[in-house]
Colleague: 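Take this structure first; my questions come after.
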Amino acid sequence: MPVHDVHVAVIYYSSTGTVAELAQRIADAAEHAGADVRLRRTAELAPQAAIDANPAWAANAAATADIMEATHEDLLWADAVIFGTPTRFGNVTSQLKQYLDTLGGLWQQGRLSDKVYSGFTASATPHGGQESTLLALYQSIHHFGGILVTPGYTDPAKFRDGNPYGTSHVGGPDTPLDEDARTAARIQAERVVKFTKAIKHGLSPAS
């Protein structure tokens, strides 16, 4: 078994469950690759009436209620952070953005810099803003002074899912993750762990 000597926080928002499933896949793959992992969700901002009116949203809220909400301490603990969000008009959700917007104090102290960051997303339609959502997310990483590790086209499987910016999936609660999305999640998690270890300990010639 790999040595678990780096910390990875997977911090996400999900309404109807697709991004939650991706987050769990990424967290499991990162742990298998040799990381201590914290899986955290951001706080819900939508009114309860809106959640209750959507059966898939209500079901996901109930299914993930035991997952702890992300705090600043989770970011300070982490050597690497993988953020997840659905697309909202080609941008990140307000729930994830609100969490990012609370990090100003840590940013000002330089405590968000020199960590590895990456992102994943989902949309209901093809070309529904997946790439622009990840690029918008990564703007914050540049401000943090973070080290951006994306999957790129570093594995033959990436030519099937076609998104070099991060893991993504097209579909809603009635469209389960396909094999391409599951494979992409594993590739991204392994790559994040690999380079986080390299930054902490040095990259071996065989890596």
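Quick note: numbers below take in every heavy atom, side chains included, and nothing from hydrogens, waters or symmetry partners. Residues take their numbers from the sequence shown, with the count starting at 1.
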Colleague: Using the side chain to side chain contact (heavy atoms under 4.5 Å, CB included) rule, take Ile67 and Leu39 through it: C-alpha gap first, then chi angles, then the decisive distance, then the call.
Modeller: CA-CA 7 Å; Ile67 296 176; Leu39 179 64; 4.1 Å; yes
Colleague: Which heavy atom of Ala136 sits nearest to which heavy atom of Asn91, and what is that distance?
Modeller: CB-OD1, 3.5 Å
Colleague: Test Asn163 against Leu134 for side chain to side chain contact (heavy atoms under 4.5 Å, CB included), laying out the working first.
Modeller: CA-CA 10 Å; Asn163 190 341; Leu134 292 174; 4.0 Å; yes
Colleague: Closer than 3.5 angstrom, by distance alone: can the side chain of Ser168 be matched with the main-chain N or O of Ala122 as a donor-acceptor pair?
Modeller: no
Colleague: Are Tyr12 and Leu112 co-members of a hydrophobic cluster defined by side-chain heavy atoms under 4.5 Å apart?
Modeller: no
Colleague: If two hydrophobic side chains count as joined below 4.5 Å and joins carry through other members, does Leu103 share a cluster with Leu137?
Modeller: yes
Colleague: When you measure from the side chain of Lys115 to the backbone of Leu75, do you find a donor-acceptor pair of N or O atoms at a distance under 3.5 Å?
Modeller: yes
Colleague: Which heavy atom of Pro86 sits nearest a heavy atom of Thr121, and at what distance?
Modeller: C-OG1, 3.7 Å
Colleague: Hey, are Glu73 and Arg40 close enough for a salt bridge, meaning a charged N less than 4.0 Å from a carboxylate O?
Modeller: no
Colleague: State the OG-NE2 distance between Ser140 and His143, to the nearest 0.5 angstrom.
Modeller: 7.0 Å
Colleague: Run the side-chain donor-acceptor check on residues 19-26: report pairs under 3.5 Å with partners two or more places apart or on a different chain.
Modeller:
residue : atom : partner : partner atom : Å
Gln24   : NE2  : Asp28   : OD1          : 2.9

Colleague: Which residues pass the side-chain contact (heavy atoms from CB on, under 4.5 Å) test with Thr150, not counting sequence neighbours?
Modeller: Tyr138, Leu148
Colleague: I'd like to know if the side chain of Ser132 and the backbone of Gly90 have a donor-acceptor N/O pair within less than 3.5 Å.
Modeller: yes
Colleague: Have Ser118 and Gln188 got a donor and an acceptor in their side chains that come within less than 3.5 Å?
Modeller: yes
Colleague: Who passes side-chain contact (heavy atoms from CB on, under 4.5 Å) against Asn54, sequence neighbours left out?
Modeller: Thr16, Ala56, Trp57
Colleague: Are the side chains of Ile147 and Ile199 in contact, using a 4.5 Å heavy-atom criterion?
Modeller: yes
Colleague: Checking Thr85 against Thr93: is there a side-chain donor and acceptor pair closer than 3.5 Å?
Modeller: yes
Colleague: Where do Ala78 and Ala9 come nearest, in terms of heavy atoms and distance?
Modeller: CB-CB, 3.8 Å
Colleague: Shared ILVMFWY cluster between Val149 and Val37, side chains joined below 4.5 angstrom?
Modeller: yes
Colleague: For Trp107, check ring pair (Phe, Tyr, Trp, His ring centres under 6.0 Å) against everything at least two apart and list the hits.
Modeller: none
Colleague: Tell me the closest heavy-atom pair linking Gly128 and Thr87, and the distance in Å.
Modeller: O-OG1, 3.5 Å
Colleague: Output all residues satisfying ring pair (Phe, Tyr, Trp, His ring centres under 6.0 Å) with Tyr117, sequence neighbours left out; order by chain, then residue number.
Modeller: Phe144
Colleague: Between Asp5 and Lys200, does a salt bridge (charged side-chain N to carboxylate O under 4.0 Å, His left out) hold up when you go through it step by step?
Modeller: CA-CA 9 Å; Asp5 54 359; Lys200 286 194 75 171; over 6 Å; no
Colleague: Quick one: closest heavy-atom pair of Ala46 and Gln95, and the distance?
Modeller: N-NE2, 4.1 Å
Colleague: Using a 4.5 Å cut-off on heavy atoms from C-beta on, say whether the side chain of Arg41 contacts that of Glu69.
Modeller: yes
Colleague: Evaluate the side chain to side chain contact (heavy atoms under 4.5 Å, CB included) criterion for residues Arg38 and Val10: first the C-alpha distance (whole Å), next the side-chain angles of each, then the deciding distance (0.1 Å), finally the verdict.
Modeller: CA-CA 6 Å; Arg38 290 185 183 181; Val10 180; over 6 Å; no
Colleague: Is Val81 close to Ile11 at the side-chain level, that is, under 4.5 Å between some pair of heavy atoms?
Modeller: yes
Colleague: Mind checking salt bridge (charged side-chain N to carboxylate O under 4.0 Å, His left out) for Arg182 and listing every partner two or more places apart, or none if nothing turns up?
Modeller: Glu179
Colleague: Ignoring hydrogens and geometry beyond distance, is a side-chain donor-acceptor pair present between Tyr165 and Gln130 at under 3.5 Å?
Modeller: no
Colleague: Please report the shortest heavy-atom distance between Ala35 and Val193, naming the atom on each side.
Modeller: CB-CG2, 3.9 Å
Colleague: Answer with yes or no whether the hydrophobic clustering places Leu96 together with Ile82; edges join I, L, V, M, F, W, Y residues whose side-chain heavy atoms lie under 4.5 Å apart.
Modeller: no
Colleague: Tell me whether Ile141 shares a hydrophobic cluster with Val192, the cluster being built from Ile, Leu, Val, Met, Phe, Trp, Tyr side chains joined at under 4.5 Å.
Modeller: no
Colleague: Got Asp79 and Val116 here, is their nearest side-chain heavy-atom distance under 4.5 Å?
Modeller: no
Colleague: Who are the side-chain contact (heavy atoms from CB on, under 4.5 Å) partners of Asp155, not counting sequence neighbours?
Modeller: Ala157, Lys158, Ile187
Colleague: Using modelled atom types and a 3.5 Å cut-off, is there a donor and acceptor pairing between side-chain atoms of His7 and backbone atoms of Asp36?
Modeller: no
Colleague: Quick check on Gln108: does its CD atom have over 12 non-hydrogen neighbours (other residues, nucleotides or ligands) under 6.0 Å away?
Modeller: no
Colleague: Would a distance-only check, ignoring hydrogens and angles, find a side-chain to backbone donor-acceptor pair under 3.5 Å from His72 to Thr102?
Modeller: yes
Colleague: Side chains of Thr71 and Asp74 only: does a donor on one sit below 3.5 Å from an acceptor on the other?
Modeller: yes
Colleague: Could you tell me which residues satisfy salt bridge (charged side-chain N to carboxylate O under 4.0 Å, His left out) with Arg186, sequence neighbours excluded, listed by chain and number?
Modeller: Glu190
Colleague: Can you name the residues that form a side-chain hydrogen bond (donor to acceptor under 3.5 Å, both in side chains) with Thr154, not counting sequence neighbours?
Modeller: none
Colleague: Each residue besides Phe159 in its hydrophobic cluster should be listed here, by chain and number; the cluster joins Ile, Leu, Val, Met, Phe, Trp and Tyr at side-chain heavy-atom distances under 4.5 Å.
Modeller: Tyr153
Colleague: Who passes side-chain contact (heavy atoms from CB on, under 4.5 Å) against Leu76, sequence neighbours left out?
Modeller: Leu106, Arg111
Colleague: Going by atom type alone, with no hydrogens or angles, which donor-acceptor pairs under 3.5 Å involve a side-chain atom of residues 58-66 and a protein atom two or more places apart or on another chain?
Modeller:
residue : atom : partner : partner atom : Å
Asn60   : ND2  : Ser14   : O            : 3.2
Asn60   : ND2  : Ser15   : O            : 3.0
Thr64   : OG1  : Asn60   : O            : 2.8

